[in-house]
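Residues take their numbers from the sequence shown, with the count starting at 1. Basis for what follows: all heavy atoms, side chains included, without hydrogens, waters or symmetry-related copies.
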Amino acid sequence: MSSIKIQCVLLENCRCGESPVWEEASNSLLFVDIPTRKVCRWDSLTKQVQRMSVDAPVSSVALRQSGGYVATIGTKFCALNWEDQSAVVLATVDKDKKNNRFNDGKVDPAGRYFAANRRSIYKLEKEEQIPDGMCIDAEGKLWVACYNGGRVIRVDPQTGKRLQTVKLPVDKTTSCCFGGKDYSEMYVTCARDGIAPQSLLRQPEAGGIFKITGLGVKGIAPFSYTG
């Protein structure tokens, strides 16, 4: 296995970066910054980033089979048109619950977009802190970003055994996905909110987007929403 390399490819200073999704057609990485209400698209070829502002905290973004994207914005499922920077509401939940919002969202293999306010996946060792966003590799193993743990771990979902740990130079790792050519690269989002000014001095790349290469395993393409 080649040596693992970790690189901050975008100093975005996300307050809470989340939901990285690779778009193969444009060689781009989509992600959101929840509290700043922005959906972002980073072009891996030009290294340029485009941003779209929405009207509420945006917790996840996904590809749409018919074109464009879908996102969970506040308690709404919305279709995003990147060209004219517009969002169209597809459905709204919990209208009677003020200050509520989706926490995360993913598209399943059947093309359905799932979102939840809170979830628990499985128990991790205490040192890993809080399990957050995750993805699956081509061998069926889970990769989990550990919030406050500054790492992503590879876990066997059948046994719960930790197979691999990759530490990053930031504390608040939030989510991960595979991307790049043949999905051999991993992209990791993280947060800047909640880090004391003194701690930021030792992790100036907090809130950035990281690329990990040399993992020795590939991922699978993200599923697209069919609606």
Side-chain angles (χ1 to χ4, degrees), residues 6 8-10 12-22 29-40 42 57-62 71-75 100-108 113-137 140-157 160-179 185-196 199-200 203 205-212 215 217 219-220 222-223:
I6 301 169
C8 182
V9 293
L10 180 63
E12 184 67 7
N13 289 333
C14 289
R15 288 179 56 192
C16 187
E18 262 282 7
S19 186
V21 179
W22 184 258
L29 182 76
L30 296 162
F31 61 95
V32 304
D33 188 2
I34 297 175
T36 64
R37 306 180 176 191
K38 290 179 181 177
V39 181
C40 305
W42 175 73
V58 52
S59 55
S60 71
V61 63
T72 48
I73 302 172
T75 56
N100 197 14
R101 69 167 176 82
F102 286 123
N103 187 58
D104 208 344
K106 284 258 188 197
V107 176
D108 75 352
Y113 196 7
F114 283 88
N117 292 324
R118 291 290 183 269
R119 77 251 187 261
S120 58
I121 307 302
Y122 54 85
K123 184 178 180 180
L124 291 175
E125 296 176 22
K126 184 178 179 181
E127 65 166 318
E128 307 302 354
Q129 302 299 315
I130 305 168
D132 204 342
M134 61 188 68
C135 64
I136 192 168
D137 64 31
K141 303 299 188 292
L142 287 176
W143 288 84
V144 185
C146 299
Y147 188 76
N148 280 341
R151 67 195 71 186
V152 290
I153 59 172
R154 190 184 191 217
V155 176
D156 186 328
K161 181 181 179 181
R162 184 175 62 183
L163 306 173
Q164 190 173 350
T165 299
V166 180
K167 294 185 179 181
L168 284 88
V170 291
D171 290 339
K172 296 184 180 295
T173 41
T174 56
S175 193
C176 55
C177 78
F178 282 95
E185 301 168 349
M186 175 174 282
Y187 289 90
V188 182
T189 53
C190 59
R192 197 174 179 87
D193 273 9
I195 302 176
S199 295
L200 282 173
Q203 46 183 312
E205 297 169 327
I209 303 297
F210 289 85
K211 180 175 74 171
I212 304 174
L215 289 172
V217 66
I220 58 176
F223 301 112

Notebook entry, point to check: Should Phe210 and Thr173 count as side-chain neighbours, where that means a heavy-atom distance under 4.5 Å?
Noted result: no

Note to self: Among residues at least two apart in sequence or on other chains, which ones pass salt bridge (Lys or Arg N to Asp or Glu O under 4.0 Å) with Asp193?
What the structure shows: Arg15

Item checked: Ser175 side chain to Thr189 side chain, donor-acceptor N/O pair below 3.5 angstrom -> no

Notebook entry, point to check: Can you name the closest pair of heavy atoms from Cys40 and Glu12 and give their distance?
Noted result: SG-OE2, 4.0 Å

Note to self: Tell me whether Lys38 contacts the main-chain N or O of Cys14 through its side chain, where contact means a donor paired with an acceptor under 3.5 Å.
What the structure shows: no

Notebook entry, point to check: Going from CD on Glu18 to CD1 on Ile34, what distance comes out if it is rounded to the nearest 0.5 angstrom?
Noted result: 5.0 Å

Margin query: Would you call the rings of Trp143 and Phe178 parallel, tilted or perpendicular, taking 30° and 60° as the class edges?
Written below: perpendicular

Checklist line | Within-4.5 Å side-chain heavy-atom neighbours: Ser59 and Asp104 | finding: no

Next item on the list: Measure the spacing between OG1 of Thr174 and CE of Met134 and express it to the nearest 0.5 Å.
Entry: 12.0 Å

Next item on the list: Write down the atom of Val58, the atom of Val32, and the distance for their closest heavy-atom approach.
Entry: O-CG2, 3.4 Å

Item checked: Contact check, side chains of Lys141 and Val217, non-hydrogen atoms, under 4.5 Å -> no

Next item on the list: Would you check if Leu215 and Arg154 make a side-chain contact, meaning some heavy-atom pair closer than 4.5 Å?
Entry: no

Note to self: Quick check: closest heavy atoms across Leu168 and Val152, and the distance to 0.1 Å?
What the structure shows: CD1-N, 4.1 Å

Next item on the list: Find the distance between OH (Tyr147) and CG (Asp132) and round it off to the nearest 0.5 Å.
Entry: 8.0 Å

Next item on the list: Mind listing the closest non-hydrogen atom pair of Tyr113 and Ser60 along with its distance?
Entry: OH-OG, 2.7 Å

Note to self: Could you check whether Phe31 and Trp42 have their ring centres less than 6.0 Å apart?
What the structure shows: no

Checklist line | Which atom of Ala115 lies closest to which atom of Thr72, heavy atoms considered | finding: CB-CG2, 3.7 Å

Margin query: With a 4.5 Å cut-off on side-chain heavy atoms, are Glu205 and Cys190 touching?
Written below: no

Next item on the list: For residues Ile195 and Gln203, determine if any side-chain heavy atom of one lies less than 4.5 Å from a side-chain heavy atom of the other.
Entry: yes

Notebook entry, point to check: Which is it for Cys177 and Leu29 under the side chain to side chain contact (heavy atoms under 4.5 Å, CB included) test, yes or no, and what are the steps along the way?
Noted result: CA-CA 9 Å; Cys177 78; Leu29 182 76; 3.7 Å; yes

Next item on the list: Could you list the residues that satisfy salt bridge (Lys or Arg N to Asp or Glu O under 4.0 Å) with Arg37, not counting sequence neighbours?
Entry: none

Notebook entry, point to check: Heavy-atom distance under 4.5 Å between the side chains of Val188 and Cys176, does that happen here?
Noted result: yes

Notebook entry, point to check: Could you give the distance from NZ (Lys211) to CG (Leu10), rounded to the nearest 0.5 Å?
Noted result: 12.0 Å

Next item on the list: May I ask you to test the Asn148-Lys172 pair for a side-chain heavy-atom distance under 4.5 Å?
Entry: yes

Item checked: For Arg192 against Ala206, the heavy-atom pair lying closest together -> NH1-O, 2.9 Å

